[in-house]
Protein chains: 2
Amino acid sequence: MEHRIEQIKKQLHAHSYKLTPQREATVRVLLEREEDHLSAEDVYLLVKEKSPEIGLATVYRTLELLSELKVVDKINFGDGVSRYDLRKEGAKHFHHHLVCIECGSVEEIVNDLLEDVERIVQNEWGFEVKDHRLTFHGICKQCQAATVKAT
Amino acid sequence: MEHRIEQIKKQLHAHSYKLTPQREATVRVLLEREEDHLSAEDVYLLVKEKSPEIGLATVYRTLELLSELKVVDKINFGDGVSRYDLRKEGAKHFHHHLVCIECGSVEEIVNDLLEDVERIVQNEWGFEVKDHRLTFHGICKQCQAATVKAT
DNA sequence: TTTTTAATTTATAATTAATATAATTAAAAG
DNA sequence: CTTTTAATTATATTAATTATAAATTAAAAA
């Protein structure tokens with residue numbers, strides 16, 4: 001944890017940004033809830049528990065900044081809010097998501113499944129891929145089991 | 001065009017919705033601008049040109065409805081607005097997008113490039129895929145050419 | 001360490017996208 | 001033709017996000 005904070009601090013400094021206590025508190029929340037997909041509001045409430053003086057706008061600005069630095073990725077699952085997802089350490093690409101249309105759960109896929117597809121896009125469309133967003137909508141294992149039981 | 005309107009009319013009726021003049025005007029705009037990725041506001045302004053009495057809320061409701069019927073897909077490219085993209089006739093899945101981070105252009109890929117990936121997700125994660133969203137971010141052909149020229 | 005300075009935060013206010021409400025209108029069914 | 005139901009309009013409202021100006025502070029320089 002401390003290691004990653006130190007790392008992010010360096011990234012900030014490299015772009016002549018400061019690591020303020022507010023920013024650090026925000027990053028800590030993101031690290032603690034790495035598996036989740038928090039909205040700005042969610043992050044704000046969690047940061048507030050430990051640093052009650054922080055303002056919502058600061059959290060928004062910090063998340064935007066971290067997004068710029070590619071520390072987090074901003075995603076949108078179709079409800080009205082942006083969510084912020086920490087990149088895995090050293091990951092070149094954004095990871096994928098499985099969104100269950102029954103229960104709303106979000107699972108992550110860290111493996112890069114798109115290497116072949118990106119090659120095709122590159123060669124056949126002449127498009128230089130820098131990053132991707134891939135989300136599958138469907139029914140998760142748990143909900144499938146529940147459906148079978150119910151019948 | 002008339003054929004597709006007729007088809008959408010049937011779909012509406014099948015769910016006991018009506019094809020009102022406002023809805024038809026909205027669908028016509030979507031058909032005319034099939035290649036574009038219009039926001040609700042965009043659609044509203046275009047519909048207004050021909051049917052000035054229409055209200056913004058009606059356009060929103062219509063788009064929501066069409067989205068429910070899978071006539072259009074609601075997408076979000078990361079700017080704050082939802083965009084509405086007409087499904088290709090009879091397409092089972094949503095098509096893919098190439099978003100250029102230089103010029104902002106959006107290209108469409110109709111081919112389904114994800115068959116293999118979906119099979120993997122199905123088998124290895126036990127997730128029943130119903131639909132997907134795939135967007136590549138990168139540099140389009142035109143911008144690549146422009147960069148080479150500039151150097 | 002102290003000073004300096006540019007970056008940052010705070011505390012609003014303002015925007016913008018989207019949705020809800022109540023009254024009115026239009027359409028379909030009997 | 002009358003009744004019933006669905007849809008639209010014209011607001012008003014909510015919710016998410018961004019902008020602004022004054023006050024504060026982290027970090028580089030003296």
Side-chain angles (χ1 to χ4, degrees), chain A residues 5-6 8-29 37-48 50-69 71-85, chain B residues 8-29 37-48 50-69 71-85:
Chain A
I5 296 213
E6 204 47 47
I8 290 167
K9 186 175 181 176
K10 275 182 199 147
Q11 281 187 74
L12 284 166
H13 285 168
H15 294 80
S16 57
Y17 294 123
K18 299 169 185 173
L19 181 66
T20 63
Q22 292 89 338
R23 284 180 183 166
E24 186 173 337
T26 305
V27 170
R28 277 183 193 281
V29 163
H37 301 85
L38 304 171
S39 67
E41 187 83 31
D42 294 337
V43 174
Y44 170 64
L45 292 173
L46 288 166
V47 174
K48 235 176 139 69
K50 292 180 184 168
S51 317
E53 22 20 277
I54 202 167
L56 177 58
T58 301
V59 172
Y60 267 103
R61 260 180 285 109
T62 301
L63 291 170
E64 199 54 45
L65 181 58
L66 293 173
S67 197
E68 227 173 79
L69 297 178
V71 171
V72 300
D73 284 295
K74 197 173 173 179
I75 27 168
N76 198 298
F77 290 133
D79 54 346
V81 279
S82 295
R83 296 177 181 281
Y84 297 86
D85 203 354
Chain B
I8 290 166
K9 185 175 183 176
K10 275 182 199 148
Q11 280 187 73
L12 284 165
H13 285 166
H15 294 79
S16 59
Y17 294 121
K18 300 170 186 170
L19 181 66
T20 63
Q22 292 88 338
R23 285 179 183 167
E24 185 173 335
T26 305
V27 169
R28 277 183 193 279
V29 163
H37 301 84
L38 304 171
S39 67
E41 187 82 32
D42 294 338
V43 174
Y44 170 64
L45 292 173
L46 288 166
V47 175
K48 235 177 137 72
K50 292 179 182 166
S51 317
E53 34 359 292
I54 202 166
L56 177 58
T58 302
V59 172
Y60 267 102
R61 261 180 284 107
T62 302
L63 291 171
E64 199 54 47
L65 181 58
L66 293 174
S67 194
E68 226 174 81
L69 297 179
V71 172
V72 299
D73 283 296
K74 199 174 174 177
I75 26 167
N76 198 298
F77 290 133
D79 53 347
V81 279
S82 296
R83 298 178 178 282
Y84 297 86
D85 203 356

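Values in this document were obtained by computation on a predicted structure and should not be read as measured data.
Side-chain atoms of A/R23 come within 3.5 Å of backbone N or O of A/K18 as a donor-acceptor pair.
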Enumerate, atom names and distances included, each donor-acceptor pair closer than 3.5 Å involving a side-chain atom of residues 52-67 of chain B, sequence neighbours excluded.
from  : atom 1 : to    : atom 2 : distance (Å)
B/T62 : OG1    : B/T58 : O      : 2.8
B/E64 : OE1    : B/K74 : NZ     : 3.3

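For A/R23, a side-chain nitrogen or oxygen approaches OP1 or OP2 of C/dT9 to under 4.0 Å. Here A/T20 reaches the OP1 or OP2 of C/dT9: one of its side-chain N or O atoms lies under 4.0 Å away. Distances shorter than 4.0 Å separate none of the side-chain N or O atoms of A/Q22 from OP1 or OP2 on D/dA26. Contact check, B/Y60 against C/dT19: no side-chain N or O comes under 4.0 Å of OP1 or OP2. For D/dT8, one of the phosphate oxygens OP1 or OP2 lies less than 4.0 angstrom from a side-chain nitrogen or oxygen of B/R61.
Among the nucleotides C/dA18, D/dT11, D/dT5, the one closest to the side chain of B/A57 is D/dT11.
Between B/P21 and B/E41, the residue anchored closer to the 5' end of DNA chain C is B/E41, taking for each the nucleotide with the nearest heavy atom. Annotation: of the two residues near DNA chain C, B/K18 and B/E64, the 5′-most nearest-nucleotide partner is B/E64.
For B/L56 and D/dT13, the CG to P distance is 17 Å, given to the nearest whole Å. Here D/dT25 presents its P atom at 16 Å from CD of A/E24, a figure rounded to the nearest Å. In this entry the distance linking CG of A/L45 with C1' of D/dA16 reads 14 Å, nearest Å.
Contacts of B/S82 with the nucleic acid, taken as non-hydrogen atoms under 4.0 Å apart, involve only primed sugar atoms and P, OP1 or OP2. Contact annotation for B/I54: backbone-only contact, meaning every heavy-atom pair under 4.0 Å involves sugar-phosphate atoms and none involves a base. Base contact: A/T58 has a heavy atom under 4.0 Å from a base atom.
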